[in-house]
Protein chains: 2
Amino acid sequence: MNTKDIPAGQLLFFRKELEPYIVFDEPQWEIFKSHLTYSSFQKKDHFVVQGKVCDAIGFIAKGSIRYYTLKDGTDITGYFSFSGEMVSSYLSFLKREPALNYIQALESTDLILISRTNLQSLLDHPILSCKIERFGRLMAEHYCCCYEERIASFINQTAEERYLKLMETGRDILQRIPQHYIANYLGVTPVSLSRIRKRIFVHSD
Amino acid sequence: MNTKDIPAGQLLFFRKELEPYIVFDEPQWEIFKSHLTYSSFQKKDHFVVQGKVCDAIGFIAKGSIRYYTLKDGTDITGYFSFSGEMVSSYLSFLKREPALNYIQALESTDLILISRTNLQSLLDHPILSCKIERFGRLMAEHYCCCYEERIASFINQTAEERYLKLMETGRDILQRIPQHYIANYLGVTPVSLSRIRKRIFVHSD
DNA sequence: TCAAAACGTTAACAAAAGATAAGGAATAAT
DNA sequence: ATTATTCCTTATCTTTTGTTAACGTTTTGA
């Protein structure tokens, strides 16, 4: 991990992605900006470690991320996040409890970070307080919607349908990561995913 | 559906359940209270209808609720909510889009409601605005945590484990509703749930 | 109250998924 | 460059789940 100044382009990207949720005027943005930090992660570096409290939420300015748990030595991938999305072990961050999962870079990844203490100052800041509350609300609501969709996919769709939907996102990183990551994410074994892929490719050729 | 005054006991219950998220002083509570409405639902009555926009979020003051979708005439249960919890077709409420599911009373159920317009007035109210934003944030964050857990259960647990976990909640209503509701919720067929139950009861006797 | 509909279980068979192991390809490490 | 590791696929066998249908019971509605 390497802490340094935030590249201007990535800051702009962040501001742009925030716009559906919160629009800052210039003075507000200056204050907000001053509460941000920055970290780069090499492939396989960890942003969050299972068992330790997660003290920041991050914005993926570049790269992509995998959430996973270790259970009896078995690595199980629970989620992916990509450039432009937020990343955090939310429960751990909110409740200051040990994180239940690892969060790891799938490739060279840059995060813009808001630490718990900085977030608290923002929430205490007379000018920004309400705006940040709103930001937090909209953010959490956004994730609620995403999660609802994912849960529905487990109930209403087959693993094959979930796989096709994931591939339709067109994230090229998905072509470059181990397939057992994807298998876990879909809720099946790697062997089973291999069979699904065979079915798909035979029928589409 | 039947709109009337909110029973004092249920209002108190609501206020109590909100406390982890938001504490009102008396004047604030009076304002907040004036923005609430109330509806009673008979068993099988619908609070939300698939295809129509959901215009309120509710607090289950009494009873319990089932979320389900109709696909090609097949009824698929996606979620349950119980007394003390919030209920809404969130995505539909937030984005004013047609709801993707029905929300139905499993038994005689009373809801304390905040309509979209009333919520908007609260958000515009000089005294309460920030508090309501905060309330919304904490609420959404709470659901994020619940959803994360549910998603993890699909990845890490078997249907049998999910069934046992659900039963451990000790909600007696679960004994009185059709089991195919529960089967859908767990992501298996009713026949499969029947086999799971047989396995459990044989081994525990 | 009585007929119709909905329910839960079971059986039999088919389809899908898990487990394990083997083999070759790709990747990483020294 | 070469060895070691990881990865993906395939095969085989076992277990689980889905599907359909039957049957008795319970619930519902007229």
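For clarity, every value in this text was computed on a predicted model and none was experimentally measured. Here is the naming used below: chain letters follow the sequence lines, and residue numbers restart at 1 for every chain.
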Trainee: Which whole-number value in Å describes the distance from B/N184 CG to C/dG8 C1'?
Mentor: 15 Å
Trainee: Go through A/Y163 and A/R197 one step at a time and tell me if the side chain to side chain donor-acceptor pair (under 3.5 Å) criterion holds.
Mentor: CA-CA 9 Å; A/Y163 177 69; A/R197 283 162 52 83; 2.9 Å; yes
Trainee: Hey, could you give me the NE2/CD1 distance between B/H46 and B/I65, rounded to the nearest 0.5 Å?
Mentor: 10.0 Å
Trainee: Could you give the CD-to-C1' distance, from B/Q175 to D/dT26, as a whole number of Å?
Mentor: 16 Å
Trainee: Roughly how many Å is it from CG in B/L174 to P in C/dC7, rounded to a whole number?
Mentor: 16 Å
Trainee: How long is the line joining CD1 of A/I182 and P of D/dT6, in whole Å?
Mentor: 19 Å
Trainee: Output the rounded distance in Å from CG (B/L106) to P (C/dC7).
Mentor: 12 Å
Trainee: Quick check: do A/M167 and A/Q175 have side-chain heavy atoms less than 4.5 Å from each other?
Mentor: yes
Trainee: Starting at atom NZ of A/K43, determine the distance to atom C1' of C/dT27, rounded to an integer number of angstrom.
Mentor: 9 Å
Trainee: Checking A/K165 against A/S153 for the side chain to side chain contact (heavy atoms under 4.5 Å, CB included) test, could you report, in this order, the C-alpha distance in whole Å, the side-chain angles of both residues, the deciding distance, and whether it holds?
Mentor: CA-CA 10 Å; A/K165 197 173 77 179; A/S153 81; 3.7 Å; yes
Trainee: Once you measure the plane-to-plane angle for A/W29 and A/F24, does it fall in the parallel (<30°), tilted (30-60°) or perpendicular (>60°) bin?
Mentor: tilted
Trainee: Mind checking what makes salt bridge (charged side-chain N to carboxylate O under 4.0 Å, His left out) contact with B/E19, not counting sequence neighbours?
Mentor: none
Trainee: Between the two ends of the helix from C/dT1-D/dA30 to C/dT30-D/dA1, what is the bend in degrees, rounded to 10 degrees, where each end axis spans five pairs?
Mentor: 60°
Trainee: I'd like to know whether B/D110 forms a side chain to side chain donor-acceptor pair (under 3.5 Å) with B/S40, so could you lay out the CA-CA distance, the side-chain angles of the two residues, the decisive distance to 0.1 Å, and finally the verdict.
Mentor: CA-CA 4 Å; B/D110 300 330; B/S40 291; 2.9 Å; yes
Trainee: Can you say whether the rings of A/Y185 and A/F80 are parallel (under 30°), tilted (30 to 60°) or perpendicular (over 60°)?
Mentor: tilted
Trainee: Can you check each nucleotide of nucleotides 7-21 of chain D against protein heavy atoms at under 4.0 Å and return B for base, S for sugar-phosphate only, - for none, in 5' to 3' order?
Mentor: SSBBBB----BBBB-
